[in-house]
Amino acid sequence: MVTAIVLIQAAAERIPEAAQEIADIDGVTEVYSCAGDVDLIALVRVSKHEDLAALVPGRISKVEGVLNTDTHIAFRSYSKRDDEAAFAIGLDDAQ
């Protein structure tokens, strides 16, 4: 599984519509509107790099109102939830 974070600059008047259109694209798991240097952040999960190469320029960048994208591929995930899940493996069977 390839996970990527796509930073998106969008035309101000199209942010809500662009966000929803991007969220409806297969492979996009979440879209956040935010303050700062970018307008939207999309989390993308696809099975292989080739899918990502097609998704960002071929689908996300073509959504009306999207001005620019900057894609960051994730190497590893760190979270409290992951740690808790790892330590809980097998606990259901032991009870």
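Each residue takes its place number in the sequence, starting with 1. No experiment lies behind these values; they were computed from the predicted model shown.
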Can a donor-acceptor pair be found, under 3.5 Å and without considering hydrogens, that links the side chain of T29 to the backbone of L43?
yes
How long is the straight-line distance from CG of N68 back to OG of S61, given to the nearest 0.5 Å?
8.0 Å
Answer with yes or no whether the side chains of H49 and D51 bring together a donor and an acceptor at under 3.5 Å.
no
Is there a donor-acceptor pair closer than 3.5 Å between any side-chain N or O of R45 and the backbone N or O of A4?
no
Count I, L, V, M, F, W, Y as connected when their side-chain heavy atoms are under 4.5 Å apart, and connections chain through other members. Are V2 and I25 then in the same cluster?
yes
Any donor-acceptor pair under 3.5 Å from D39 side chain to A10 backbone
yes
Close side-chain approach of I15 to L40, heavy-atom, < 4.5 Å:
yes
Given side chains that start at C-beta, do those of E64 and E17 come closer than 4.5 Å, heavy atoms only?
no
Nearest 0.5 Å, what's the CG-CD distance between L55 and E50?
13.0 Å
Are K62 and E21 side-chain neighbours, meaning at least one heavy-atom pair lies under 4.5 Å?
no
Taking atom CZ of R14 as the centre, does the number of heavy atoms from other residues, nucleotides or ligands within less than 6.0 Å exceed 12?
yes
Report yes if some heavy atom in the side chain of V6 is under 4.5 Å from a heavy atom in the side chain of V56; otherwise report no.
yes
Just by distance, do the side chain of T69 and the backbone of I8 share a donor-acceptor pair under 3.5 Å?
no
Walk me through whether V44 and I5 qualify under side chain to side chain contact (heavy atoms under 4.5 Å, CB included).
CA-CA 6 Å; V44 174; I5 297 94; over 6 Å; no
Ignoring hydrogens, what is the shortest heavy-atom contact between I60 and V66? Give both atom names and the distance.
O-CG2, 3.5 Å
Can you tell me how far apart CZ (R59) and CD1 (I22) are? Round to the nearest 0.5 Å.
11.0 Å
